[in-house]
Amino acid sequence: MVVTIIMVCISIVIGATALHYLKKNVLQRIEGNLDIALQQVDFLFRDWVTLNERNLQTITKDDKFVTLVQQQLSAYKAGELEEQGALTGLREFFLRHEDRWGKSGFFVIAPDCINIASMRDSNIGVRNLIVDHRPELIYSALNGNTVFVPPIPSDVALEGQKNIAGMDVPPTLFFVSPIQVDGKVIALLAQRHDIRKEYRDILSLTRPSETGETYAFDQDGRLLSDSRFEGQLAEIGIAKHDEQAIWSMFIKDPMQDLIRHPVHNYDQAGKPFTLMAQNAMNKTNGINITGYRGYRGVEVMGAWLWNDDINVGIALEIDFDDALSSYYLIKLMMIAIVSAQIFLLIVMIVILTRVNARAMEVLHLSKEELEGLIQERTESLEQTQNELLLANEELEEFAYRTSHDLRAPLLSSMKLLSMADSCLDKGDIQQTKSCLGHVNISLEKLESLVSDILSLTKTKNLREELQDIVVSEVVKNTLDQIKQMESFARLDIRINLAYDAPIRLKAHRFVLIVENLISNAVKYQDPDESAPFVEINSCQEGESFIFEVRDNGLGFPEDQHAQMFTMFKRFHPKTSYGSGLGMYMIKKSVDILGGQILFEAPEKGAIFKLVLPLNVDS
């Protein structure tokens with residue numbers, strides 16, 4: 001009992017320690033992956049901004065374009081913007097270069113921030129919309145810098161785009177570059193970009209698993225890109241299904257999980273910014289794998305940075321439970337393995353306790369009987385004691401071998417899981433799959449052993465009544481059950497049931513014997529035999545029923561014939577994995593049926609002959 005409790009405690013400690021280090025390694029890997037993915041997005045974003053700024057600078061340095069701008073400025077100063085000469089030339093200039101610079105619109109902005117040229121007449125002569133939302137960027141451009149203008153509300157509806165939540169226009173973004181003559185800024189060129197193209201593609205590139213997303217935000221904590229969870233945001237009232245959360249939503253902590261506990265018409269006013277947003281807005285880059293609430297209130301892991309060059313923050317987040325899903329799966333498997341081990345140990349304790357209780361009961365009754373019948377019961381007592389000793393020896397061997405055979409696949413599985421974790425760290429998916437495949441094989445061996453142990457327990461303790469059975473039906477059912485076994489199809493199954501009349505006996509015992517004899521003949525066939533067969537015969541000899549199974553398979557080593565029906569004896573462990581309990585259960589069942597099991601070893605294969613009395617009463 002004490003040893004068993006110690007083994008259980010050791011198993012629990014080993015399992016808990018393994019899970020601790022496994023979680024630590026998983027979190028380290030997640031942290032590294034978040035950092036790499038975020039740096040990749042930041043690099044692509046910078047590269048895209050730089051490329052578009054250079055393209056815009058190419059336009060502003062084009063002599064023909066600069067000449068047209070000067071002409072339009074002169075017309076503006078003269079109050080003659082309605083004249084179409086230079087304006088028509090500017091529009092034709094952009095139309096001719098659509099394949100190079102795109103079909104999006106443009107603004108030529110005078111130093112006083114008034115639009116003096118655009119594709120739309122309605123935009124000319126009015127204050128430029130960028131000044132209303134990001135004036136600091138316009139002033140930076142007037143000082144000679146080419147700037148990226150993150151998404152802001154558009155001045156007009158844009159085809160195919162949803163409006164910003166609560167507004168009647170969609171978001172839009174620009175690149176602005178100064179137009180210079182002799183080193184002096186005479187005007188600005190602002191080129192509109194479709195927010196649905198490269199900008200969205202870059203931020204959608206890294207979306208790990210089912211809940212990972214990358215998004216951008218400004219210095220006020222305002223969302224500047226699509227949310228992966230637009231449907232969920234619509235359900236809690238932040239944005240309708242036909243609206244966008246860009247610009248209208250702030251990266252704030254709702255202080256509760258809005259997905260599990262939705263709030264109708266949720267209002268962000270008064271709520272604090274998320275831990276990520278607070279750090280990023282303070283220009284403190286970081287990674288958090290311990291968990292914090294995201295803007296949906298769901299616990300997430302995340303990495304973030306603030307890009308000073310383009311005045312935009314970028315965050316990569318993934319739901320905490322989703323990030324640890326692989327760890328939870330392995331944890332569940334290990335808990336199941338340890339629980340199975342504990343369960344089996346408890347079963348062994350129960351069996352030992354019952355056997356010992358029964359033994360004590362027998363001894364107690366024997367003692368009472370001996371008080372009056374000492375001389376008469378001496379031989380009977382000695383016989384009982386001998387049987388008890390044999391039973392205890394058998395039980396001790398059973399406990400020892402079962403404990404050993406149960407631990408082997410468990411230890412193998414734990415080592416393989418550790419190897420799988422190591423392979424995951426190295427990114428070796430193929431080797432990881434191989435390790436998990438071997439784990440599955442070990443667990444299948446464990447399941448097979450447990451099944452045989454339960455069958456053995458049932459064989460020893462089952463109480464059943466006599467009933468009539470037909471041998472041919474038992475043989476047919478057995479063959480149907482094992483026809484999926486490896487190499488079954490190559491066998492020549494020969495059936496000759498000369499005696500097939502109903503037999504009255506204990507059906508479960510007989511079926512167990514037939515199934516084990518036939519399946520063993522199939523399992524241990526000789527792979528080098530060109531014409532393998534299994535022959536099944538039955539007949540009557542006097543008052544006995546004979547059931548015979550013979551084959552030309554691997555047979556049994558001659559020096560091990562004496563151990564044929566012992567517990568946990570495996571004759572061909574390299575050919576097929578088994579528990580070593582099959583032949584032992586056959587012998588026990590034959591004894592219960594009051595028959596004999598005979599074995600012959602011809603030159604090739606094996607012959608098993610079951611002899612049962614036809615007269616049950618005798």
Side-chain angles (χ1 to χ4, degrees), residues 379-380 383 387 390 455-456 458-482 491-525 532-553 555-556 558 560-567 569 571 581-618:
E379 294 182 0
S380 177
Q383 181 180 355
E387 290 177 354
L390 290 174
S455 295
L456 175 59
K458 186 175 182 181
T459 298
K460 286 188 173 184
N461 300 323
L462 181 65
R463 300 291 184 268
E464 59 176 321
E465 300 296 329
L466 300 176
Q467 56 181 298
D468 292 332
I469 65 167
V470 178
V471 178
S472 60
E473 293 180 358
V474 176
V475 171
K476 179 180 181 301
N477 291 338
T478 299
L479 292 175
D480 287 340
Q481 291 176 12
I482 66 174
L491 285 170
D492 178 15
I493 306 297
R494 307 170 184 175
I495 301 175
N496 180 24
L497 303 178
Y499 186 93
D500 197 28
I503 306 175
R504 190 166 183 78
L505 42 66
K506 295 179 179 180
H508 174 79
R509 312 288 181 178
F510 181 77
V511 170
L512 184 146
I513 296 169
V514 173
E515 287 180 348
N516 273 277
L517 289 177
I518 296 178
S519 64
N520 281 347
V522 174
K523 187 186 303 181
Y524 298 112
Q525 60 178 282
F533 72 86
V534 174
E535 184 174 328
I536 305 169
N537 304 314
S538 72
C539 65
Q540 179 179 354
E541 292 181 4
E543 294 297 319
S544 297
F545 165 73
I546 309 298
F547 181 80
E548 181 185 85
V549 177
R550 63 172 64 205
D551 63 77
N552 62 344
F556 298 88
E558 184 175 354
Q560 298 184 31
H561 288 180
Q563 306 173 45
M564 181 65 63
F565 300 103
T566 57
M567 187 186 298
K569 182 60 182 176
F571 296 94
L581 294 173
M583 299 304 295
Y584 176 81
M585 288 190 290
I586 288 176
K587 185 64 170 64
K588 289 296 181 183
S589 295
V590 170
D591 291 343
I592 291 172
L593 293 179
Q596 291 180 287
I597 183 71
L598 306 176
F599 167 71
E600 296 179 21
E603 292 183 1
K604 182 73 172 176
I607 301 174
F608 285 92
K609 183 181 293 185
L610 172 65
V611 182
L612 296 175
L614 286 174
N615 186 346
V616 177
D617 293 336
S618 64

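This is a predicted model, so every value here is computed, not measured. All residue numbers in this chain count up from 1 along the given sequence.
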Within the side chain of [X], is there an N or O that forms a donor-acceptor pair under 3.5 Å with the backbone of [Y]?
| X | Y | result |
| --- | --- | --- |
| Asp551 | Ala521 | no |
| Gln525 | Val522 | yes |
| Glu515 | Leu517 | no |

Say you draw a straight line from [atom1] of [X] to [atom2] of [Y]; how long is it, rounded to the nearest 0.5 Å?
| X | Y | atom1 | atom2 | answer |
| --- | --- | --- | --- | --- |
| Phe547 | Ile597 | CZ | CD1 | 9.5 Å |
| Arg504 | Leu614 | CZ | CG | 13.5 Å |
| Ile493 | Ile482 | CD1 | CD1 | 7.0 Å |
| Tyr499 | Ser472 | OH | OG | 12.0 Å |
| Arg509 | Ile513 | CZ | CD1 | 9.0 Å |
| Ser519 | Leu479 | OG | CG | 10.5 Å |

Which residues satisfy the salt bridge (charged side-chain N to carboxylate O under 4.0 Å, His left out) test with Asp591, sequence neighbours excluded?
->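 Listed in chain order: Lys587.
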Does a side-chain heavy-atom distance below 4.5 Å link Val511 with Asn477?
->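 No, their side chains stay 4.5 Å or more apart.
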Does Glu535 reach the side chain of Asn496, with side-chain heavy atoms less than 4.5 Å apart?
->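 Side-chain contact under 4.5 Å: no.
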After noting the C-alpha distance and the side-chain angles of Asn520 and Val549, does the key distance pass the side chain to side chain contact (heavy atoms under 4.5 Å, CB included) rule?
-> CA-CA 10 Å; Asn520 281 347; Val549 177; over 6 Å; no
Show the numbers, then the answer: is there a side chain to side chain contact (heavy atoms under 4.5 Å, CB included) between Lys506 and Leu593?
-> CA-CA 7 Å; Lys506 295 179 179 180; Leu593 293 179; 3.8 Å; yes
Please state whether the rings of Phe599 and Phe608 are parallel, tilted or perpendicular, taking 30° and 60° as the class boundaries.
->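 Taking Phe608 first and then Phe599, their aromatic rings sit tilted (interplane angle of 30° to 60°).
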Any chance you could lay out the side chain to side chain contact (heavy atoms under 4.5 Å, CB included) test for Arg494 and Ile536, step after step, and finish with the verdict?
-> CA-CA 6 Å; Arg494 307 170 184 175; Ile536 305 169; over 6 Å; no
Which heavy atom of [X] sits nearest to which heavy atom of [Y], and what is that distance?
| X | Y | value |
| --- | --- | --- |
| Pro613 | Gly594 | CD-O, 3.6 Å |
| Leu497 | Asn537 | CD2-C, 4.2 Å |
| Asn552 | Phe533 | OD1-N, 2.9 Å |
| Ser538 | Phe545 | CB-CE1, 3.9 Å |
| Ala507 | Ile469 | CB-CG2, 3.7 Å |

Checking side chain to side chain contact (heavy atoms under 4.5 Å, CB included) for the pair Leu612/Ile503: CA distance, chi angles, key distance, verdict?
-> CA-CA 10 Å; Leu612 296 175; Ile503 306 175; 5.9 Å; no
In this structure, are over 12 heavy atoms from other groups packed under 6.0 Å from Lys604 atom NZ?
->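 Check passes, neighbour count above 12.
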